[in-house]
Amino acid sequence: MIEKFKKPYDPAETEGRIYEAWERSGYFSPENLPEALTSENGKPFTMVLPPPNANGSLHVGHALGKALADAMTRAKRMQGYKALWIPGADHAGFETQVVYEKKLEKEGRSRFQMDPKDLYNEILAFTLENKSMMENQVRALGASCDWTREKFTLDPAIVREVQQTFIKMHEDGLVYRGKRTVNWCPKHQTSLSDVETESVPEQTPFYTFKYGPFEIGTVRPETKFGDKYVVMHPEDARYAQYAHGDTLELEWINGPITATIIKDEAVDMEFGTGAMTITPWHSQIDFEIAKRHNLDVEQIIDWRGKLLPIAGEFEGMKISEAREKIAQKLADKGLLVSTDTEYKNVVKRCYKCNTMIEPQIKDQWFVKMAPLAKMALDAVDRKEVRFVPEHEEKVFRYWMENAMDWNISRQIVWGIPIPAWTKNGEIQVGIESPGEGWEEDTDTFDTWFSSGQWPLLTTGYPDGADFAEHYPTDVMETGRDLVFKWIPRMVIFGLYLGKKVPFHTVYLHGMVNDANGKKMSKSKGNVINPLDLTSKYGTDALRMALVVGNTPGMDLALREDKVKGYKHFANKLWNISRFILESATDADLTCALTESDQKLRARLDEVLVDVTRDISDHRLYMAAEKLYHYAWHELADVIIEESKPLLAGEDVAVVASRKRLLVSLLTDTVTALHPFMPFVTEEIYQSLPTKTTDLLMVAPWPVKAS
RNA sequence: GCGCGGUUAGCUCAGUUGGUAGAGCGCGUCAUUGACGUUGACGAUGUCGGGGGUUCGAAUCCCUCACCGCGCACCA
């Protein structure tokens, strides 16, 4: 009997030591796995860790992802696959820059007063510090990923490859430079993609103004200075007397103007008066109308969100301030017809700072989505990618079917530089300067442009050994919220560059909420730090609490009681082991089993077959619960209880059989639980007389996977 | 407005192809000083959101309504 079993299981003392032993063994790398384990199967099983944003610490949602992915990887490894889980970190362009800008703000500094190089280097130092902290947190969660293959989105080789992708796409006509409407954040001074904005419903006064003989509605009087086109539907009978191209003189905000009639089918006859004026520079729909009719396009609001000289007396005013004053001026001139204060519309805001997005016309790089989206949809039609849960496929399709061209250039320093050069309005794409006088593009890529290529980049696309062996990967485990942000981009790049889908299965976990089912947020103060829970209850306990009863795609209300319950379970396992090791450590592992003991053995085999199927069908929540139930309520409550009198009995054959049975049941139970509770099971395994490998993480799975 | 998910025991949630409901926590009674200061046995509580349909049989399939949550959204 080993001394350590005399005290309750102590995760704090155990976990660090065990992780170190795992990492030292080299088994996180598939090529180091014991021949005996992989000789029969030996197929690769590959996962890529969603690279956490290296700008803070891990939250409990990360812990859930790691627990699931690690369980999958460990199970496959024990089943003889060449299991590989590649870790990494994301520089997280805009997000990190925002975090850093907040820090600068607190220090009374601003990025706009800094040399871009200095800013970059400061953010780099900050990111690298966070990155190494996060790596240790991933280790603390027991993740069996191969650190020797770790990648960072700003590794020079990765940067180079990302730039090559851009160049290739440019050659293939899949990226273009275009003057188009972009989502401009006046605070952060950059354009944003659609997924980086939020549509927020708001109640805004809806003004109706007299515009010559017409009445036009707007929620944005501050944009109306340049409105010299009035647009109506060609079939609108109310305006039949006006012909396309007619002009008329009328009184407007700052005096008389000449307005031109435009007939366009984009106008909704049902809405308002059916007549509207357009501001093409600050509205996408207006811009499209202007393009169709080749109309003048003029900027009204500057990049900081202030009115330009065209606004006359309002020049330099912020739009929030100008709005009411302009409405008032029009009212004073007798041009205000009505104000609807109950009007509700949807306003786009920057998802980080909540600033109102100002649509602006800007030269940007865009990815042409239609052909890429079609490739992705075709692959899903061919069932090359499956979603767990299945219904998430609909969300994926919805996004793909509605994908608009993707703005990939950001006006921030923190990111991968776009390899493009300009000279006298001419543009060239390439990593090296085309020659004298060419200026480098100062924009950087949208962070999803690099993370979208992650399964390729981590496996060493295009000619790395891992790319040949481990691409496509098997399972992508990530949060449900990424199904239309990250997943589609990975599928697209995977198909475009790698010629195959980047993964066969997408496993999407739900959000981890607080005990009351409410979303965790810093402002509500209900954020649970996973490492607080692991230090209190042990990592295995947290992992079980996150995995059991948590079906894919469903949100989880995490209660501390549940974690505590699984701490009890870890200790229960510990005590089961203590009893069995104490009473059966001298078991003869070759003796004959009695008939009733054979039945008990067969019963566990049944459970294990079931559990194995649950794991391969991605029902980890069920596999873990079944093992829990077996260990506690069958092995401990029934089998061990009835063993006490049996072992005290006189029948030598019965005693010997029972000893062998107990050791055998314990071994396989602990082995099957290892993917879910890696630490306590590894620690117990080290004391088992049935131990056949140096570490449990490379012990063979107790049943053959079907 | 469109889409997706949910509604099962006091709470948090399972329920794999339709066969008269389960787990954990909580609660009640009893037991228990050596595997388990983190124990065991037994027990109570459910018109499976409402209504309709298919079926010999529905928590499970179909229709419909209600409520909760989430996502998407260029009607000026």
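A, B, ... follow the sequence lines: proteins, then strands. Residue 1 opens every chain. As a basis for the values below, the full set of heavy atoms in this structure was taken, side chains included, without hydrogen atoms, waters or symmetry mates. Everything numeric in this text was worked out from a predicted model, so none of it was measured.
- In this entry the distance linking CG of Leu556(A) with P of G6(B) reads 16 Å, nearest Å.
- Between A23(B) and U45(B), the two P atoms lie 14 Å apart (nearest whole Å).
- For the C1' atoms, the distance from G49(B) to A58(B) is 16 Å, rounded to whole Å.
- Using a 4.0 Å cut-off, some side-chain N or O of Arg578(A) falls inside it from OP1 or OP2 of C36(B).
- In the set A35(B), A76(B), U12(B), A76(B) carries the atom at the smallest distance from any side-chain atom of Asn345(A).
- Between the C1' atom of A35(B) and the CG atom of Leu665(A) lies a distance of 15 Å, rounded to the nearest Å.
- Looking at heavy-atom distances under 4.0 Å, Asn571(A) makes contact with a base.
- Of all nucleotides listed (A76(B), U38(B), A14(B)), A76(B) comes nearest to the side chain of Val267(A).
- Comparing A76(B), A14(B), G24(B) by their nearest atom to the side chain of Tyr628(A) picks out G24(B).
- Side-chain contact between Lys348(A) and Asp194(A): present, with at least one pair of heavy atoms (C-beta onward) separated by less than 4.5 Å.
- Separation of the P atoms belonging to A44(B) and U64(B) is 40 Å when rounded to the nearest angstrom.
- Each of Asp286(A), Thr223(A), Asp227(A) was compared with Thr277(A) under the side chain to side chain donor-acceptor pair (under 3.5 Å) criterion, and only Asp227(A) meets it.
- Residue Lys644(A) places at least one side-chain N or O closer than 4.0 Å to OP1 or OP2 of A35(B).
- When heavy atoms are screened at a 4.0 angstrom cut-off, Met511(A) is found touching no nucleic acid atom at all.
- Residues Glu606(A) and Arg603(A) are paired through a salt bridge, judged by an N-O separation under 4.0 Å between the basic side chain and the carboxylate.
- In this structure, the CG atom of Leu546(A) is 17 Å from the C1' atom of A14(B), given to the nearest Å.
- Using a cut-off of 4.0 Å between Lys/Arg side-chain N and Asp/Glu carboxylate O, Glu222(A) and Arg323(A) are scored as salt-bridged.
- The Phe271(A) side chain lies nearest to A76(B) when the options are A76(B), U12(B), U38(B).
- Residue Glu560(A) contributes atom CD, which lies 17 Å from atom C1' of G26(B) at whole-angstrom precision.
- When the P atom is compared between G3(B) and C65(B), the two are found 12 Å apart, to the nearest whole Å.
- At a threshold of 4.0 angstrom between heavy atoms, the contacts of Ala275(A) with the nucleic acid are absent.
- The side chain of His568(A) sits closest to U38(B) out of C13(B), A76(B), U38(B).
- Atoms CD and CZ, from Glu683(A) and Phe5(A) in turn, are 7.0 Å apart once rounded to the nearest 0.5 Å.
- Glu641(A) comes within 4.0 angstrom of a base, heavy atoms only.
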Distances for protein N/O vs nucleotides 68-74 of chain B N/O pairs under 3.5 angstrom?
none

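- For Ser283(A) (side chain) and Pro280(A) (main-chain N/O), no donor-acceptor pair under 3.5 Å exists by modelled atom type.
- Side-chain N/O atoms of Tyr343(A) include one lying less than 4.0 angstrom from OP1 or OP2 on A76(B).
- Environment of NZ in Lys362(A): crowded, with over 12 heavy atoms of neighbouring residues, nucleotides or ligands closer than 6.0 Å.
- Following rounding to the nearest Å, Met544(A) (CE) and C13(B) (C1') show an atom-to-atom distance of 15 Å.
- The listed nucleotides are A35(B), U39(B), C11(B); the one nearest the side chain of Trp632(A) is U39(B).
- By the 4.5 Å heavy-atom criterion applied to side chains, Glu392(A) and Val506(A) are not counted as neighbours.
- Here C75(B) is the nucleotide among A35(B), A14(B), C75(B) with the atom lying nearest to any side-chain atom of Asp268(A).
- Remark: P of G6(B) and CE of Met554(A) are 7 Å apart, rounded to the nearest angstrom.
- Dashed line: the shortest gap from a side-chain N or O of Tyr621(A) to OP1 or OP2 of G15(B) is under 4.0 Å.
- Residue order along RNA chain B, read from the 5' end via each residue's closest nucleotide, puts Ala515(A) first among Ala636(A) and Ala515(A).
- Using P as the reference atom, G15(B) and A9(B) are 15 Å apart when rounded to the nearest Å.
- Between the side chain of Arg619(A) and the base of U16(B), at least one donor-acceptor pair of N or O atoms lies under 3.5 Å.
- At a threshold of 4.0 angstrom between heavy atoms, the contacts of Gly565(A) with the nucleic acid are absent.
- The separation between Phe569(A) atom CZ and G24(B) atom C1' is 13 Å, rounded to whole Å.
- Here Asp286(A) lies out of heavy-atom contact (under 4.0 Å) with every strand.
- Taking the nucleotide of RNA chain B with the nearest heavy atom to each of Glu625(A) and Arg220(A), the more 5' of the two is matched to Glu625(A).
- Taking only side-chain nitrogens and oxygens, His633(A) never comes nearer than 4.0 Å to OP1 or OP2 of A23(B).
- Spacing between A59(B) and A41(B) at atom C1', rounded to whole Å, works out to 31 Å.
- Comparing the C1' positions of C30(B) and A66(B) gives a spacing of 46 Å, expressed to the nearest Å.
- To the nearest 0.5 Å, atoms NZ (Lys567(A)) and CG (Leu542(A)) are separated by 12.5 Å.
- Looking at Tyr398(A) and Phe484(A), their side chains never come closer than 4.5 Å, going by heavy atoms from C-beta outward.
- No contact: Ser583(A) has no heavy atom under 4.0 Å from any strand.
- Lys567(A) places its NZ atom 13 Å from the C1' atom of C36(B), with the value rounded to the nearest Å.
- Contact check on Glu13(A) versus Lys7(A) returns no salt bridge, with no Lys/Arg side-chain nitrogen under 4.0 Å from an Asp/Glu carboxylate oxygen.
- Of the candidates G24(B), A14(B), A76(B), the closest approach to any side-chain atom of Met276(A) belongs to A76(B).
- Shown here are the ring pair (Phe, Tyr, Trp, His ring centres under 6.0 Å) partners of His391(A), two or more places apart in sequence or in another chain: there are none.
- A donor-acceptor contact under 3.5 Å is formed by the side chain of Lys572(A) with the base of C36(B).
- Tested against Val680(A) for a side-chain contact (heavy atoms from CB on, under 4.5 Å), the candidates Leu673(A), Asn571(A), Val670(A), Asp540(A) yield a single pass: Asp540(A).
- Nucleotides G43(B) and C4(B) have their P atoms positioned 44 Å apart, rounded to a whole Å.
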Under the rule of Watson-Crick or G-U wobble with both distances under 3.5 Å, where | means paired to another strand and [ ] a crossing pair, RNA chain B maps to (((((((..((((.....[..)))).(((((.......))))).....(((((..]....))))))))))))....
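- You'll find that the side chain of His391(A) is closest to G5(B), out of G5(B), A14(B), U12(B).
- Side-chain contact check for Leu482(A) versus Pro50(A): every heavy-atom pair is 4.5 Å or farther apart.
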